Student: 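Sharing a structure here in structure tokens format.
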Amino acid sequence: MPTLSLEPPVTHVLASGPDRLRSSAKAEDLERHSCVMFLRYEWIEDSLKEGKLMPPDPYRLIVHNTSIEKSLTSSTTTTATVAVGCLQMLIAPIAGPQKLNHKGKEESGALGEVVSSMIGKEGKQKKGRGGESDSEEERTKEEDCRGDILTRYLGTTAPAAADALEPCSTSLNTHITRILWELHDLYEGVLDDGNRALIYRKVASEIDKLSYKVTSASQLDKMEGIGQSTRVKIKEILRTGKLEMLEVLLANPKVSVLQLFMSVWGIGPKTATEMYNRGYRTLEDLKRESSLERMPRLGLKYYADILQRIPRVEAVELEKVVVGVAKELYPGVLAQATGSFRRGKASCGDIDFVISHPDGNSHRGLLAKLVARLTDIQFISDGLQDRSRGPQAPGHYEVDTYMGLCKLQGARHYRRIDIKVYPIRAHPFGLLHFTGNDIFNRRIRELAKKKGYKLNDHGLFPTVGEGQNIRSGTESIPCATEREILEKLGMPYLEPHERNW
DNA sequence: GCCA
DNA sequence: CAGTACG
DNA sequence: TGGCCGATACTG
């Protein structure tokens with residue numbers, strides 16, 4: 001392979017297969033530290049075919065931090081560099097302008113870095129509390145009526161090419177958004193104000209995908225969601241390059257300790273504060289605290305592993321195991337991995353499964369059996385749900401949940417796994433809910449509410465009466481597919497990868 | 001912190 | 001019930 | 001000034 005020049009204008013390296021690349025630690029390093037992404041050449045083929053940039057994740061050749069990629073089949077390699085300009089030209093005539101965007105999240109939360117540098121090591125990625133922060137709103141000209149419909153009903157368009165061109169640090173405005181993302185993390189965490197966090201998340205991702213560099217706050221005037229307060233902050237950032245308020249917060253040692261504690265699965269603002277007040281300062285300290293509940297204990301036990309993201313190739317293997325066992329136990333079962341995996345992400349924080357059975361009966365007791373079997377084969381190691389809640393015990397919904405840890409034979413890390421079993425009538429709702437992302441879910445629920453429904457992960461319920469017993473005695477509007485649910489809401493169907501809002 |  | 005988690 | 005998703009689900 002010819003020597004590649006991977007200078008700034010080069011954003012993508014396309015290859016027919018991973019064999020050449022995987023032997024090159026250099027490539028992995030390059031991708032990690034530069035804007036370059038290594039993709040199978042089908043990515044550009046499909047992009048041209050679709051007339052828009054396809055999400056890169058399913059095409060990625062380099063998946064960090066795994067040994068499984070070695071099992072990928074080899075093929076001949078021809079590499080080509082594609083300058084972003086060329087790509088734009090190829091695609092623009094068909095789909096209109098596209099931007100490269102970056103999410104400072106996902107791979108390493110902004111605050112996570114700060115924290116880790118302050119703490120020394122450990123907390124690298126933050127845990128995705130409230131869902132992973134893969135907010136991103138890629139927006140093209142409304143290519144068809146979907147854009148209009150979405151605008152009309154949701155006040156926004158779907159991110160057309162989803163997270164087109166993902167973590168490539170291409171945002172021209174990281175000087176601003178790094179700070180906004182840090183505010184998001186702080187409010188979501190220590191400052192314990194999810195609503196503000198949401199605002200910062202929205203503004204940051206919005207600015208991240210601008211195709212020009214912001215040099216004056218007035219350029220953001222027409223961007224909605226930015227109010228007085230945010231504007232003033234952005235002005236300060238533009239003027240001084242930093243935000244005093246943030247500096248002060250980050251200089252506070254208590255903040256970093258709380259942030260560290262909250263990076264443990266099962267520890268939120270209250271518990272973190274409580275532990276801090278008891279004088280604890282390190283994770284080792286926490287391990288000595290006997291009052292911690294089951295979830296945080298598991299969080300501590302598997303702390304380092306849980307922090308690791310799951311490369312997509314490994315997630316594929318995890319899915320095979322669970323689906324395989326489920327089918328063996330229950331022929332005809334519906335089982336699939338959902339979450340960010342289903343949305344096409346290159347890596348996932350955890351792996352979630354939604355399971356059901358078309359016979360309308362086998363879902364009862366399914367989870368217990370499945371978990372038992374997965375434990376037998378030493379796939380599942382630890383988990384919640386132990387609370388003996390038999391086949392039919394839970395509420396009126398008959399939904400059964402498992403949250404725990406699993407590991408592939410020979411794999412390096414334990415992984416967070418969630419399994420949900422639904423009765424068949426609720427299956428599409430469970431699927432929709434657990435595919436997310438969280439922002440998408442909030443939006444469609446908000447929309448449902450406006451239309452006089454309540455939407456949750458097991459049904460779409462007409463709102464009856466006022467205040468009282470809204471759902472008691474009410475049946476869900478039946479929907480056999482996710483598509484039907486969205487149609488009932490007056491929305492066009494969105495593919496999973498189009499739900500990365 | 002933004003918006004109705 | 002509060003706290004935390006899930007998308 | 002109140003709402004911001006879910007009558008979420010699980011733990012203790």
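The structure presented is a predicted model; accordingly, all values stated were derived computationally and were not measured. Order of the sequence lines sets the chain letters (A, B, ...), proteins ahead of strands, with each chain counted from 1.
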Student: For a quick test of reading the model: is some side-chain N or O of A:W501 closer than 4.0 Å to OP1 or OP2 of C:dG7?
Tutor: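 For A:W501, the contact criterion (side-chain N or O under 4.0 Å from OP1 or OP2 of C:dG7) is not met.
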
Student: Return the value, rounded to whole Å, for the distance between atom CG of A:N195 and atom P of D:dT1.
Tutor: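 After rounding, the gap between these two atoms is 18 Å.
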
Student: Compare the minimum distances between each of B:dC2, C:dG7, D:dA9 and the side chain of A:T230, then state the nucleotide with the smallest one.
Tutor: B:dC2

Student: Any donor-acceptor pair under 3.5 Å joining the side chain of A:N441 to the base of C:dG7?
Tutor: yes

Student: Does a salt bridge link A:E284 with A:K287, judged by any charged N lying under 4.0 Å from a carboxylate O?
Tutor: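 Answer for the salt bridge query: yes.
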
Student: Any base atoms under 4.0 Å from A:R342, or only sugar-phosphate, or nothing? Heavy atoms, all strands.
Tutor: nothing

Student: Just to be sure I understand the rule, does A:L455 reach a base, reach only the sugar-phosphate, or reach nothing, if contact means heavy atoms closer than 4.0 Å?
Tutor: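 Sugar-phosphate, no base atom in range.
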
Student: Of all the nucleotides listed (B:dG1, D:dA9, D:dT11), which has the minimum atom distance to the side chain of A:L384?
Tutor: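 So the nucleotide nearest the side chain must be D:dT11.
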
Student: Between A:H433 and A:R445, does the side-chain hydrogen bond (donor to acceptor under 3.5 Å, both in side chains) criterion hold? Intermediate values first, please.
Tutor: CA-CA 10 Å; A:H433 169 75; A:R445 283 165 195 207; 2.6 Å; yes

Student: What integer distance in Å separates A:I439:CD1 from D:dC5:P?
Tutor: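 One finds 9 Å between P of D:dC5 and CD1 of A:I439, rounded.
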
Student: Rounded to the nearest Å, what distance is computed from the CG atom of residue A:N437 to the C1' atom of nucleotide D:dC5?
Tutor: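 Rounding to the nearest Å, CG of A:N437 and C1' of D:dC5 are 13 Å apart.
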
Student: Using the side-chain heavy atoms of A:T271, tell me which of these nucleotides is nearest: B:dG1, C:dG7, C:dT4.
Tutor: C:dT4

Student: Using a strict 4.0 Å threshold on nitrogen-to-oxygen distance, state whether A:K242 and A:E244 make a salt bridge.
Tutor: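 Salt bridge: yes.
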
Student: Kindly state whether the ring of A:Y200 and the ring of A:Y187 have centres lying under 6.0 angstrom apart.
Tutor: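 Yes, close enough.
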
Student: Provide, to the nearest angstrom, the distance between the CG atom belonging to A:D418 and the C1' atom belonging to D:dT11.
Tutor: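 Atom CG in A:D418 sits about 15 Å away from atom C1' in D:dT11.
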
Student: Heavy atoms only, 4.0 Å cut-off, all strands: where does A:T338 land among base, sugar-phosphate and nothing?
Tutor: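 Nothing, no heavy atom under 4.0 Å.
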
Student: Please determine, for the side chain of A:R442, which listed nucleotide (C:dG7, B:dC2, C:dT4) has the closest atom?
Tutor: C:dG7

Student: Is the closest basic N to carboxylate O distance between A:E274 and A:R278 below 4.0 Å?
Tutor: yes

Student: What nucleotide among B:dG1, D:dG6, D:dA9 has an atom nearest to a side-chain atom of A:N456?
Tutor: D:dG6

Student: Between A:K454 (NZ) and D:dC4 (P), how many Å, whole number?
Tutor: 8 Å

Student: In whole Å, what separates the C1' atom of C:dT4 from that of D:dG6?
Tutor: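 After rounding to an integer number of Å, I get 15 Å for this pair.
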
Student: Taking NZ from A:K270 and C1' from C:dC1, how many angstroms apart are they, rounded to a whole number?
Tutor: 14 Å

Student: If you check every side-chain atom of A:M295, which of D:dA9, D:dC5, C:dA5 has the closest atom?
Tutor: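 For A:M295, the side-chain atoms sit closest to C:dA5.
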
Student: Mind calculating the distance between CZ (A:R294) and C1' (C:dT4) to the nearest angstrom?
Tutor: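 In whole Å, C:dT4 C1' lies 16 Å from A:R294 CZ.
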
Student: Please give, in whole Å, the distance from C:dG3 P to A:F261 CZ?
Tutor: 18 Å

Student: Just N and O in the side chain of A:K449: are any of them under 4.0 Å from OP1 or OP2 of D:dG6?
Tutor: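 It does, given that an N or O in the side chain of A:K449 lies less than 4.0 Å from OP1 or OP2 of D:dG6.
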
Student: Would A:D359 and A:S362 count as having a side-chain donor-acceptor pair, cut-off 3.5 Å?
Tutor: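 A:D359 vs A:S362: donor-acceptor pair found between side chains.
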
Student: Distance check: side-chain N/O of A:K420 vs OP1/OP2 of C:dG7, anything under 4.0 Å?
Tutor: no

